[in-house]
Amino acid sequence: MLNRPRRNRSSAAIRTMVEENRLSVKDLLFPLFVMDGSATKTEIKSMPGIYRFTTDLLLKEIEECLNLGITSYALFPQVAEDRKDSLATESHRQGSLYLEAIHAVASRFPEISMLTDVAMDPYSSDGHDGIVKNGEILNDETLEVLSKMAVAQAQAGSKLIGPSDMMDGRVGYLRESLDDAGFTNVGIMAYSAKYASAFYGPFRDALESAPKFGDKKTYQMNPANSREALREAELDELEGADFLMVKPALAYLDIISLLRDNTNLPIAAYNVSGEYAMVKAAAANGWIDGEKAMLESLLSMKRAGAQVILTYFAKEFAQLKLS
Ligand code: PBG
């Protein structure tokens, strides 16, 4: 036999030599949750090992993760129910929990990269990503709220914003708002291909932000579509996005690969809460090896073409000190 592919698998050393992709902590971005109060952290039931932190403990957590080599983060707020309203006014109120937390993190850790979230759902009494009128999610009226939010976050010290809804034209609108306010160097990570997915459940538990009626199918994408993802990606690129994201990751590896082949922008993949929860639940039952399943799924996202992986596994991965 001339060709024996097994020769290149015959020892750990040769397998390492020929491996095409290698994960590093530098590939990972760690999403964190902040809540009101002090000296408290509470574990999210459906996401074992993941906590909401009060701002003081959030700073400690970032310090610890930074020492493990994690340099990129995302931050999401859990907003008290009595601060929510239909226009998400809390999202751009000076002195709000989120803006103060951004300011605290940005001043204490100027060297890190932190993606800040621009979407109405954490602050919306309707639990939707846009303004609701007669059961409809309005697009252009929502853009104005997003614009106030983005500028307020930039003023608080954010260098990278992530509009995580799926409104039309939001990247261009926010690019112009940031530029007009003098924030030409604040980047935009576009949630270009964000699907209407069942895998966001645990995240909505974490923020208590589940929609109060209906679903998100009139703005988030239909899981049946891939050409539509290309269209969304092209629009975001034209509107000035600095990164394109695919979300969720595991059930959408083909989309990561499709975008990788069709743009020169960096591609981010969001390994979402439900994907994390599935591995944790099966591992807790002794049904799979959680650590191996984590490594294999993160590697698959990198192999598909993701340059950045947003994952709740970031700290656990970093603690393994693999490289
Ligand atoms: C909403 C938002 C969601 C996530 C991030 N931003 C949920 C949703 O669209 O309902 C999900 C992240 C995760 O599941 O880890 N703007």
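Note: hydrogens, waters and symmetry copies are ignored here, and every other heavy atom, side chains too, is used.
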Trainee: If only atom types and distance count, is the side chain of R204 paired as donor or acceptor with the main-chain N or O of L207 below 3.5 Å?
Mentor: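 No, the answer is negative, given that no donor and acceptor are paired below the 3.5 Å cut-off.
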Trainee: Could you please spell out the steps behind the side-chain contact (heavy atoms from CB on, under 4.5 Å) verdict for F317 and I70?
Mentor: CA-CA 10 Å; F317 177 89; I70 304 174; over 6 Å; no
Trainee: When rounded to the nearest 0.5 angstrom, what distance separates CZ in R303 from CG in L253?
Mentor: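 Between R303 CZ and L253 CG, I get 7.0 Å after rounding to 0.5 Å.
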Trainee: Could you pull out the closest heavy-atom pair between L295 and L23, with the gap in Å?
Mentor: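 Heavy-atom minimum between the residues: O-CD1, 3.8 Å.
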Trainee: Assigning hydrophobic clusters by single linkage (Ile, Leu, Val, Met, Phe, Trp, Tyr; side-chain heavy-atom cutoff under 4.5 Å), is V279 placed with Y51?
Mentor: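 Linked, V279 and Y51 end up in one cluster.
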Trainee: With side-chain contact (heavy atoms from CB on, under 4.5 Å) as the test, would you mind laying out the steps for E232 and N225 before giving the verdict?
Mentor: CA-CA 11 Å; E232 288 281 3; N225 297 350; over 6 Å; no
Trainee: Looking at every non-hydrogen atom in both residues, tell me the closest pair between D165 and M167 and how far apart they are.
Mentor: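 For D165 versus M167, the nearest heavy atoms are OD1-N, 3.0 Å.
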Trainee: Just by modelled atom types, is the S297 backbone N or O under 3.5 Å from a matching donor or acceptor in the S300 side chain?
Mentor: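 Here the side-chain-to-backbone pair exists.
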Trainee: Would you find a donor on one side and an acceptor on the other, under 3.5 Å apart, between the side chain of Y73 and the backbone of I112?
Mentor: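 It does not hold such a pair.
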Trainee: Would you verify whether the NZ or CZ of K194 falls within 45 degrees of the ring axis of Y270 while also being under 6.0 Å from that six-membered ring's centre?
Mentor: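 Judged by the rule, K194 and Y270 form no cation-pi pair.
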Trainee: Is there a donor-acceptor pair closer than 3.5 Å between any side-chain N or O of D27 and the backbone N or O of S24?
Mentor: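 Yes, because the side chain of D27 sits within donor-acceptor range (under 3.5 Å) of the backbone of S24.
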Trainee: If you take all heavy atoms of F183 and R175, which pair is closest and at what distance?
Mentor: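 So the minimum-distance heavy-atom pair works out to O-NH2, 3.1 Å.
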Trainee: What is the ring orientation for H128 with F213, classed by angle as parallel under 30°, tilted 30 to 60°, or perpendicular over 60°?
Mentor: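 H128 vs F213 ring planes: tilted.
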Trainee: Any side-chain heavy-atom pair from E144 and Y173 closer than 4.5 angstrom?
Mentor: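 Yes - at least one pair of side-chain heavy atoms lies under 4.5 Å apart.
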Trainee: Could E81 and K212 be called an ion pair, given the rule that one side-chain N must be under 4.0 Å from one carboxylate O?
Mentor: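 Yes, charged N to carboxylate O under 4.0 Å.
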Trainee: Less than 4.5 Å apart, any side-chain heavy atom of S72 and any of V308?
Mentor: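 No. Closest side-chain heavy atoms not under 4.5 Å.
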Trainee: Do the side chains of E61 and K315 get close enough for a salt bridge, i.e. N-O under 4.0 angstrom?
Mentor: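 Salt bridge present between E61 and K315.
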Trainee: Is the number of heavy atoms from other residues, nucleotides or ligands under 6.0 Å of E20 CD greater than 12?
Mentor: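 Not buried by this count: 12 neighbours or fewer within 6.0 Å.
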Trainee: Run through D168, D129, T142 and flag the one making a side chain to side chain contact (heavy atoms under 4.5 Å, CB included) with Y219.
Mentor: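 It is D129, the one option of D168, D129, T142 that forms the side chain to side chain contact (heavy atoms under 4.5 Å, CB included) with Y219.
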Trainee: With heavy-atom distances below 4.5 Å as the criterion, would you say the side chains of E141 and K133 are in contact?
Mentor: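 With C-beta onward as the side chain, the pair stays apart.
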Trainee: Quick one, R108 and I62 - any side-chain contact, counting heavy atoms below 4.5 Å?
Mentor: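 R108 does not reach I62 side chain to side chain.
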Trainee: Would you find more than 12 non-hydrogen atoms of other residues, nucleotides or ligands less than 6.0 Å from Q319 atom CD?
Mentor: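 Atom CD in Q319 is packed in, count exceeds 12.
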Trainee: Measure the shortest side-chain to side-chain distance between K217 and N222 over non-hydrogen atoms and say whether it is less than 4.5 angstrom.
Mentor: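 The answer is no, as the side chains (C-beta and beyond) never meet within the 4.5 Å cut-off.
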Trainee: How long is the gap from CG on L230 to CG on L259, to the nearest 0.5 Å?
Mentor: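 Reported value, rounded in 0.5 Å steps: 6.0 Å.
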Trainee: Any donor and acceptor pair, going by atom type alone, linking the side chain of D85 with main-chain N or O of T89 inside 3.5 Å?
Mentor: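 Present.
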Trainee: Kindly compute the distance separating CG (L28) from CE (M301), expressed to the nearest 0.5 Å.
Mentor: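 L28 CG to M301 CE: 10.0 Å, rounded to 0.5 Å.
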Trainee: Please check if the side chain of Y276 supplies one atom and the backbone of S46 the other of a donor-acceptor pair under 3.5 Å.
Mentor: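 Absent.
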Trainee: State yes or no: do L59 and L68 share one hydrophobic cluster built from I, L, V, M, F, W and Y residues joined by side-chain heavy-atom distances below 4.5 Å, directly or via other members?
Mentor: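 In one cluster with L59: L68, no.
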Trainee: Less than 3.5 Å apart, any donor N or O on the side chain of D117 or S164 sitting next to an acceptor on the other?
Mentor: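 The answer is yes; a qualifying pair exists.
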Trainee: Taking D205 first and then K45, would you say they form a salt bridge - that is, a charged N and a carboxylate O separated by under 4.0 Å?
Mentor: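 No.
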Trainee: Within the distance-only criterion (no hydrogens, no angle test), does the side chain of S273 pair as donor or acceptor with the backbone N or O of F199 below 3.5 angstrom?
Mentor: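 Pair found, side chain donor or acceptor close to backbone of F199.
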Trainee: Please report the C-alpha distance between Q78 and F33 in whole Å, then the side-chain angles of each, then the deciding distance to 0.1 Å, and finally whether the side-chain contact (heavy atoms from CB on, under 4.5 Å) criterion is met.
Mentor: CA-CA 7 Å; Q78 186 212 11; F33 299 106; over 6 Å; no
Trainee: Does a salt bridge link E316 with K280, judged by any charged N lying under 4.0 Å from a carboxylate O?
Mentor: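 Looking at E316 and K280, the cut-off is met.
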Trainee: Would you find a donor on one side and an acceptor on the other, under 3.5 Å apart, between the side chain of D289 and the backbone of E291?
Mentor: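 Checked: pair present.
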Trainee: Counting heavy atoms not belonging to Y200, are there more than 12 under 6.0 Å from its OH?
Mentor: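 Yes - once you tally the heavy atoms of other residues, nucleotides and ligands closer than 6.0 Å, there are more than 12.
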Trainee: Is there a side-chain contact between D236 and R170, using heavy atoms and a 4.5 Å cut-off?
Mentor: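 Contact flag for D236/R170 side chains = yes.
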Trainee: Looking only at atom types and distance, does a side-chain atom of E43 sit under 3.5 Å from a main-chain N or O of G49, one as donor and one as acceptor?
Mentor: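 Pair found, side chain donor or acceptor close to backbone of G49.
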Trainee: Could you see if M35 belongs to whatever hydrophobic cluster contains Y312? Use Ile, Leu, Val, Met, Phe, Trp, Tyr and a side-chain cutoff under 4.5 Å.
Mentor: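 Hydrophobic grouping puts M35 apart from Y312.
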Trainee: Walk me through it: do L97 and T55 pass the test side-chain contact (heavy atoms from CB on, under 4.5 Å)?
Mentor: CA-CA 8 Å; L97 160 73; T55 305; 4.0 Å; yes
Trainee: Starting at CE of M47, measure out to CZ of R52 and round the result to the nearest 0.5 Å.
Mentor: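 It comes to 10.5 Å.
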Trainee: With a 6.0 Å cut-off (strictly less than), is the heavy-atom count around CD of E136, excluding the residue itself, greater than 12?
Mentor: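 No.
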Trainee: Check whether T54 reaches the backbone of T40 with its side chain - one donor and one acceptor, N or O, closer than 3.5 Å.
Mentor: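 Checking the backbone N and O of T40 against the side chain of T54, a donor-acceptor pair under 3.5 Å is found.
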Trainee: Has E176 got more than 12 heavy atoms of other residues, nucleotides or ligands less than 6.0 Å from its CD?
Mentor: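 Open: at most 12 neighbouring heavy atoms sit under 6.0 Å from CD of E176.
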Trainee: Does the Lys NZ or Arg CZ of K60 fall within the cation-pi geometry relative to F53 - under 6.0 Å from the ring centre and within 45° of the axis?
Mentor: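 Negative - K60 is either too far from the ring of F53 or too far off its axis.
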Trainee: Do the non-hydrogen side-chain atoms of K159 and N185 ever get within less than 4.5 Å of each other?
Mentor: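 K159 vs N185: side chains apart.
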Trainee: Spell out, yes or no, whether L87 and V79 are grouped together once hydrophobic residues are joined by side-chain heavy atoms under 4.5 Å, including indirect joins.
Mentor: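 Looking at the clustering, V79 is in the same group as L87.
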Trainee: Consider only side-chain heavy atoms of I, L, V, M, F, W and Y, link residues closer than 4.5 Å, and tell whether L235 and I255 are in one cluster.
Mentor: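 In one cluster with L235: I255, no.
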Trainee: With rounding to the nearest 0.5 angstrom, report the OG to NZ distance, S177 to K148.
Mentor: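 Between S177 OG and K148 NZ, I get 11.0 Å after rounding to 0.5 Å.
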Trainee: Could you tell me which non-hydrogen atom of L250 sits nearest to which non-hydrogen atom of E275, and how far apart they are?
Mentor: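 Closest pair (atom of L250, atom of E275, distance): N-OE2, 2.5 Å.
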Trainee: Is there a side-chain contact between K26 and T71 in this structure, where contact means two heavy atoms from C-beta onward sitting under 4.5 Å apart?
Mentor: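 When only atoms from C-beta onward are counted, T71 and K26 do not touch, as no gap falls below 4.5 Å.
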Trainee: Looking at every non-hydrogen atom in both residues, tell me the closest pair between I256 and A306 and how far apart they are.
Mentor: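 Smallest interatomic distance, heavy atoms only, reads CG2-N, 3.6 Å.
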Trainee: Considering all heavy atoms of both residues, which atom of S192 and which atom of L244 are nearest to each other, and what is their separation?
Mentor: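 Smallest interatomic distance, heavy atoms only, reads OG-CD2, 3.3 Å.
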Trainee: Could you label the plane-to-plane angle of the F203 and F76 rings as parallel, tilted or perpendicular, counting under 30° as parallel and over 60° as perpendicular?
Mentor: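 Ring orientation of F203 relative to F76: perpendicular.
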Trainee: Nearest 0.5 Å please: distance from the CG atom of L32 over to the CG atom of L115.
Mentor: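 With rounding to 0.5 Å, CG (L32) is 11.5 Å from CG (L115).
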